[in-house]
Structures are given as C-alpha cells and as structure tokens.
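One-based numbering, in listed order, for ligands and for the atoms of each.
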Amino acid sequence: MENGENSQMRTKRFAVIGDPVGHSLSPLLHRTVYKAVDFYEKIGVQASYEKQRVTPEALAAFLSDTELDGFNVTIPHKERVYALLPEARGDAALAGAVNTVVREEGRMVGYNTDMGGLLKALQSFGAEYKDAVVCVFGTGGAARGIARKAAAEGAREVRILGRSKEKAEAILPGAFLGMPTAQTLRGADLFLNATPLGMTGMTEDFADLSFLNGLPAQAFVYDLVYTPAETRLLAAARACGLRAENGLSMLVWQGLLSDALFGIAPAQTLLTPEYYGAAYAALRKELTQKK
Ligand code: NAP
C-alpha cells in the first residue's frame with residue numbers, strides 16, 4: 001500500500017453490543033459480507049466489525065459516548081435502545097425495539113431489520129403475510145414485531161399463541177387464542193415459533209406437537225430457532241408433510257439489511273444470492289463445527 005493511499009483510507013467501525021455477547025454470530029456474518037463485497041474497492045473505505053459487551057448499567061453512557069459508525073443490538077438491549085434513542089425509523093416503532101443503530105450526520109438513529117429479515121426469509125420460501133392467516137407462538141420481543149408486521153403487511157388474520165394473555169393483548173388486542181392446539185391452528189397458512197423452546201441449551205421443548213395436525217397441507221412452519229438446525233418442531237412438521245425451515249435465513253437477511261443501512265453497499269446489491277449465500281454458508285459451517 002502506498003503512503004498516499006493509506007492516509008486516505010478510513011476504517012468504518014461497526015460492532016454488535018449485548019450482554020452476554022460472546023455467543024454472537026454477528027461478527028462472522030458481517031465480516032464475511034465485508035470480505036465478499038470488497039468494501040475498499042467499492043466505496044473507498046474499510047470496515048471492521050467487533051463484538052462489545054455492554055451491561056445494562058452502561059448502556060445509556062455507551063449510546064452517548066460511542067464513536068462507532070454503527071452497531072447491532074442483541075439481548076437484552078433491543079427495547080431499551082429503542083426507548084433511549086431520540087430517533088427511530090422503519091419497523092423499529094412497530095417492534096418497539098431496535099436492532100441496528102446508524103450514525104447519520106452525527107446523530108445515532110435506530111432501525112429494526114429483524115422484521116424485514118424475516119419477511120425476506122419467508123418470501124424466499126414462497127410464503128408471505130399478505131392475505132395469510134398467520135399464527136405467532138410467543139409474546140416476547142420477536143413475537144411483538146412479527147405479529148404487528150404481519151398485520152401491517154395485510155395478513156387476513158393474525159393469531160397470537162402463548163401463555164400470557166396480558167402480553168398478547170398488549171401486542172395486538174383481540175388476537176390471543178391461548179396455547180397452540182389443532183383447533184387454534186385450523187386454517188392457518190403460517191406457524192411461526194417465536195419462543196426459545198427447542199433451542200440448544202434450553203431445558204424446555206414442546207411437550208406435545210400434535211397441534212401441527214391442525215395445519216392445512218399447504219401451511220408453512222418457520223422456527224426462529226436455528227440451533228439445532230433441525231428442532232423437534234421442524235422434524236415433526238416435516239413428518240406431517242408440511243414445509244418447514246429454521247431461523248438461520250432470518251438471521252442472515254437481517255444482517256444484510258443492517259449492512260445496507262451501514263452503507264456497505266446498496267440494498268439491491270447486498271440482498272442477492274451472492275452475499276446471502278456467502279454469509280449463510282459461513283454461519284452454517286460455524287454452527288456445524290460447534291456441534
Ligand atoms: P423473549 O422476548 O425472551 O420472548 C420469549 C417468549 O417465549 C416469551 O413470550 C415467553 O413467554 C415465551 N416462552 C418461553 N418459554 C415458554 C414456554 N415454555 N411456553 C410458552 N412460551 C414460552 O425472546 P425473543 O427476543 O422474542 O426471541 C424469541 C426466540 O426467537 C428466541 O429463541 C430467539 O433466539 C429467537 N430469535 C431468532 C432470530 C433470528 O434471526 N432467527 C431473531 C430474533 C429472535 P412469557 O412471556 O410468557 O415468559
């Protein structure tokens with residue numbers, strides 16, 4: 001590298017913040033994309049992506065003092081970052097949560113790419129919210145965004161399933177139907193698991209999956225969980241002849257949407273099989289090696 005070139009090169013700095021954050025696959029995801037994009041060639045800067053542990057007590061100070069160009073937000077900070085940032089756009093208000101923060105003209109602006117990432121994943125499998133009967137299992141942060149996004153995208157009906165009527169009512173009034181049963185899933189086009197049931201490291205899993213019998217043959221089952229790659233829910237859905245996929249696709253698409261907001265490359269460049277494929281393969285390999 002010539003000295004002249006070196007002095008003009010600036011490294012844009014990105015990170016994922018969370019607590020704990022050691023488990024996060026985001027550095028691998030984003031570094032893979034930055035390598036594939038050949039960032040310096042495209043826009044004349046380099047990009048780095050780290051993980052940074054930020055405790056709940058340190059979050060407010062982090063938001064005002066950070067010199068990062070942008071960052072992703074993971075557990076347990078998504079809701080608090082939404083509350084603390086003066087400005088949030090896109091799906092952030094719908095979800096009441098922020099997973100991407102971008103420095104724009106000196107201000108930190110919050111976005112949420114989880115909902116768009118899930119929508120991209122569903123579309124890639126030939127499923128969509130429009131005119132669909134959508135069943136969301138869970139009443140946490142992810143379920144809130146999904147249920148509201150499905151309603152905003154023109155779902156014919158959104159049903160929230162779970163154990164907390166109060167939390168479901170706060171998401172979409174009148175959408176709560178109790179725990180999943182064959183009856184509550186009758187006529188549904190989509191069943192989305194937005195709970196950690198069945199996830200590696202969780203002691204709890206679905207006790208009874210007979211509710212899947214209520215789904216019509218064309219229904220699609222999407223598990224936000226991606227470790228293990230084949231949860232009991234997915235295996236049982238496939239055994240019923242249903243199409244079913246895990247949450248790794250959502251993770252990759254939300255990352256690409258974040259990178260577009262970070263200015264790595266335009267969305268139409270990034271949201272393509274080339275970058276999706278590179279990031280998906282890197283994460284799949286990492287998860288397979290960890291097993
Ligand atoms: P969260 O806010 O902690 O919500 C978890 C939800 O699961 C709560 O509604 C909780 O119910 C419910 N739950 C837990 N155990 C249950 C049980 N035994 N029976 C019924 N419900 C149960 O978590 P989140 O952020 O929404 O995330 C949910 C899942 O999605 C996690 O596994 C997360 O890893 C995954 N996720 C994946 C992606 C991706 O890119 N693939 C993105 C976001 C999230 P209560 O409220 O009643 O306790």
Query raised in the report: Would you call K165-E169 a salt bridge at under 4.0 Å N-O?
Result: no
Query raised in the report: Would you say ligand 1 has an N or O under 3.5 Å from any N or O of S164?
Result: no
Requested in this report: Please confirm whether the backbone N or O of N72 pairs with a side-chain atom of N99, one donor and one acceptor, at under 3.5 Å?
Outcome: no
Report summary line: To atom 8 (C) of ligand 1, the nearest of G140, P76, G117 on a heavy-atom basis is G140
Requested in this report: Please confirm whether F137 comes within less than 3.5 Å of ligand 1 when only nitrogen or oxygen atoms on both sides are compared.
Outcome: no
Requested in this report: Report yes if some heavy atom in the side chain of L118 is under 4.5 Å from a heavy atom in the side chain of W253; otherwise report no.
Outcome: no
Query - Residue, atom name and distance, where the atom is the protein heavy atom closest to atom 9 (O) of ligand 1 - result: T139 N, 2.8 Å
Query raised in the report: How far is atom 23 (O) of ligand 1 from its nearest protein heavy atom, and which residue and atom is that?
Result: G141 N, 4.6 Å
**Report entry** Carboxylate-amine/guanidinium proximity below 4.0 Å for R107 and E87
**Finding:** yes
**Report entry** Close side-chain approach of Q52 and V16, heavy atoms under 4.5 Å
**Finding:** no
Query raised in the report: Hey, are the side chains of V109 and L85 touching, using non-hydrogen atoms and a 4.5 Å cut-off?
Result: no
Report summary line: Here the atoms of ligand 1 under 4.0 Å from any heavy atom belonging to L197 are 17 (C), 18 (N)
Query raised in the report: Under 3.5 Å, N or O to N or O, is D114 touching ligand 1 that way?
Result: no
Query raised in the report: Hey, looking at atom 45 (P) of ligand 1, which of K167, K78, E79, M202 has the closest heavy atom?
Result: K167
Requested in this report: Please could you name the atoms of ligand 1 that L251 approaches to less than 4.0 Å, counting only its heavy atoms?
Outcome: 40 (O)
Query raised in the report: Should Q254 be listed as contacting ligand 1, given a heavy-atom distance under 4.0 Å as the test?
Result: no
Query raised in the report: Is any N or O atom of Y226, backbone or side chain, closer than 3.5 Å to an N or O atom of ligand 1?
Result: no
Query raised in the report: Of all the atoms in ligand 1, which lie at a distance below 4.0 Å from a heavy atom belonging to T195?
Result: 7 (O), 12 (C), 13 (N), 21 (N), 29 (C), 32 (O)
Report summary line: re atom 42 (C) of ligand 1, the protein heavy-atom contact at minimum distance is M250 CE, 3.5 Å
Query - Protein contact of atom 34 (O) of ligand 1 - nearest heavy atom, named by residue and atom, plus distance - result: M199 SD, 4.0 Å
Requested in this report: Give the residue and atom name of whichever protein heavy atom lies nearest to atom 26 (O) of ligand 1, and the separation in Å to one decimal.
Outcome: A142 N, 2.8 Å
Requested in this report: Return a yes/no value for G247: is any of its N or O atoms, backbone included, closer than 3.5 angstrom to an N or O of ligand 1?
Outcome: yes
**Report entry** Residue and atom name of the nearest protein heavy atom (relative to atom 32 (O) of ligand 1), distance in Å to one decimal
**Finding:** P196 CA, 3.3 Å
Requested in this report: Look at the side chain of Y222 and the backbone N and O of M250, then say whether any donor-acceptor pair between them is shorter than 3.5 Å.
Outcome: yes
Query raised in the report: Counting only non-hydrogen atoms of the protein, does one fall under 4.0 Å from atom 2 (O) of ligand 1?
Result: yes
Requested in this report: Measure the distance from atom 48 (O) of ligand 1 to every protein heavy atom, then report the residue, atom name and distance (to 0.1 Å) of the closest one.
Outcome: R163 NH2, 3.0 Å
**Report entry** Heavy-atom nearest neighbour in the protein, as seen from atom 37 (C) of ligand 1, with distance rounded to 0.1 Å
**Finding:** L224 O, 3.5 Å
Query raised in the report: Can you list the ligand 1 atoms lying under 4.0 Å from a non-hydrogen atom of E204?
Result: 18 (N)
Query raised in the report: Ion pair present between E157 and R159, side-chain N to carboxylate O less than 4.0 angstrom?
Result: yes
Query raised in the report: Between D259 and H30, is a side-chain hydrogen bond (donor to acceptor under 3.5 Å, both in side chains) present by the stated rule, with each step listed?
Result: CA-CA 8 Å; D259 282 333; H30 293 278; 2.9 Å; yes
Report task. Ignoring hydrogens and angles, state whether a donor on the side chain of T113 or S258 is under 3.5 Å from an acceptor on the partner side chain. Result -> yes
Query raised in the report: For atom 40 (O) of ligand 1, is the nearest protein heavy atom closer than 4.0 Å?
Result: yes
Requested in this report: For ligand 1, note which part of L248 has a heavy atom under 4.0 Å away: side chain, backbone, both or neither.
Outcome: neither
Query raised in the report: Taking heavy atoms and a distance under 4.0 Å, where does A194 meet ligand 1: side chain, backbone, both or neither?
Result: backbone
Query raised in the report: Got a donor-acceptor contact below 3.5 angstrom from the T200 side chain to the T227 backbone?
Result: yes
Report task. May I ask you to decide if T269's main-chain N or O and T272's side chain share a donor-acceptor pair within less than 3.5 Å? Result -> yes
